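Pasting a structure here, questions to come.
All values derive from a computational prediction rather than experimental measurement. Every chain is numbered from 1 and lettered A, B, ... according to where its sequence line falls, protein lines coming before strand lines.
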Amino acid sequence: MSIWEYANPKRFMQTSAWALPWAIGLTVLCLVVGLVWGFFFTPDDYKQGSTVKIIYLHVPAAMMAINAWVMMLVTSLIWIVRRHHVSALAAKAAAPVGLTFTLIALATGALWGQPMWGTWWAWDPRLTAFLILTLFYFGYIALWAAVDNPDTAADLTAILCLVGSVFALLSRYAVNFWNQGLHQGATLSLDKEENISDVFWLPLLVCIVGFILLFVTLVLMRTRTEIRARRLQALLSRERVA
Amino acid sequence: MKALLLRDLRLAMRSGGGFGLGLAFFFLLSVLVPLGVGPEGGTLGRIAPGILWVGALLACLLSLDRIFALDFEDGSLDLLATAPIPLEAVVALKALAHWLVTGLPLTVLAPGLGVLLNLPPTGYGWLVLSLLLGTPALSVIGAFGAALVVGLRRGGLLLSLLVLPLYVPTLIFGAEVVRRGAEGMDLATPLALLAGISLGASALLPFAAAAALRVNLR
């Protein structure tokens, strides 16, 4: 029994069929609890007023936007090294989800930035880095869509993902260097003196867990769809040959 | 290897349009910007480093799909892939040829356009140096992008989408060198980082590009 057994599409379908209802249930539970708690049962911030509550969407979405790319990087590596199709399909399935999280982070950030910084958009390092991340997602998805042969597409997008990760990291430091930002530093780390207070921190934690679960759920669902689409394609081509 | 380099250079020179077009584009952009922004010298001088670098980048982008597409269509890329020299070297040579016909002329042309854009006199040397250090990275990254889309029928637009985010760090550091140079500030850090990107990209990306070519030729 090794972890690679899950690379078998049949095994993956069985396991995910069992896991999916649980994932959906936990996602809904966490998101409802976290968002309701965050929006209705936390006090207003003494400086930012009620706009601080957008943090419950903004921060988890931004975290997951980056984590989705990391997950795509890992699955792409697995595809290149061990050539498990489920892995490549999971990367393909994760890309639009990651893109959506990126766009949510940008949109909520604009809504938050307008009253706080007096502008919808600033060329702040983190904002710029996220804009570049959006471009990477678009390029990745476009390359998947443009190549007809699924194995070729998986190979090319995996190479793009690897190279893109290096350059995304590089851009992150480049834009940091290029411009001083408006964003506050990290306030969620466990070892810092200056953290946000527990009143905001606990519901935020629930929201982050909820967003992680949401990502897992969506990727599982989309991967299942991709596997089914692949099976359908195989059946159709077999019919055409016969 | 030398023969391959010479062949690519001759093809680029004789087929016309290909690389002259990039230079013409660079020239036109630098003429159009003052017309759009207005002739006021101070403003132009401040934005000149950025405009010149963006112009060089876009001019470079124009000719990228020619790196592999023509050879792919007439089948010579298959021959190159089975040739006794490794595919990585082929990629590196083609990127070098691309740089010799676009990056190098752009670097030579840039100071003249700096005059049009009212670049402060202290910036000229740094402009040439930054382009000299930065444009190889543009060619190598572009060769990687071109290798990714070589099998596609209309890869040109997709190529721009794939390559532009990869160009971001080069653009930032390149323009930063010129900006700081023009203002007489310390510029050792962006200069070193720019050179680092070019060297790192030239060392590693041919492998990625060759892998992509092998996938596309399979």
Chain A contact via B:Ile141 - which portion, at a heavy-atom distance below 4.5 Å: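 The side chain, not the backbone.
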Residue B:Leu164 versus chain A: region with a heavy atom under 4.5 Å: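 Contact with chain A: none, neither part.
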Residues, nucleotides or ligands: over 12 heavy atoms within 6.0 Å of B:Ile85 CD1: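 Atom CD1 in B:Ile85 is packed in, count exceeds 12.
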Derivation of the side chain to side chain contact (heavy atoms under 4.5 Å, CB included) call for B:Phe144 and A:Val163: CA-CA 9 Å; B:Phe144 166 66; A:Val163 175; 3.5 Å; yes
Top of B:Ala209, B:Gly151, B:Pro190 for chain A proximity - count of heavy-atom pairs under 4.5 angstrom: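 The candidate making the most pairs under 4.5 Å is B:Pro190.
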Between CD1 on residue A:Ile132 and CD1 on residue B:Ile172, distance to nearest 0.5 Å: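 Rounded to the nearest 0.5 Å, the CD1-CD1 separation comes to 5.5 Å.
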B:Tyr124, OH: over 12 other non-hydrogen atoms inside 6.0 angstrom: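 Count over threshold, so yes.
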4.5 Å side-chain heavy-atom contact, B:Pro169 and A:Phe167: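 The answer is yes, as the side chains (C-beta and beyond) meet within the 4.5 Å cut-off.
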Residue that, paired with A:Val147, satisfies side-chain contact (heavy atoms from CB on, under 4.5 Å) out of B:Leu152, B:Leu148, B:Val215, B:Leu158: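 When side-chain contact (heavy atoms from CB on, under 4.5 Å) is applied between A:Val147 and each of B:Leu152, B:Leu148, B:Val215, B:Leu158, only B:Leu152 qualifies.
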Any idea which donor-acceptor pairs are under 3.5 Å between chain B and chain A?
| unit_1 | atom_1 | unit_2 | atom_2 | d |
| --- | --- | --- | --- | --- |
| B:Arg218 | NH1 | A:Asp155 | OD2 | 3.2 |
| B:Arg218 | NH2 | A:Asp155 | OD2 | 3.0 |

Other residues, nucleotides, ligands: >12 heavy atoms within 6.0 Å of A:Met221 CE: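 For A:Met221, atom CE is not crowded (no more than 12 foreign heavy atoms under 6.0 Å).
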Contacting moiety of B:Leu171, where chain A heavy atoms sit under 4.5 Å: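 Contact with chain A involves no heavy atom of B:Leu171 at all.
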A:Leu143 CG to B:Leu162 CG distance, which is reported to the nearest 0.5 Å: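 Taking CG in A:Leu143 and CG in B:Leu162, the distance rounds to 5.5 Å.
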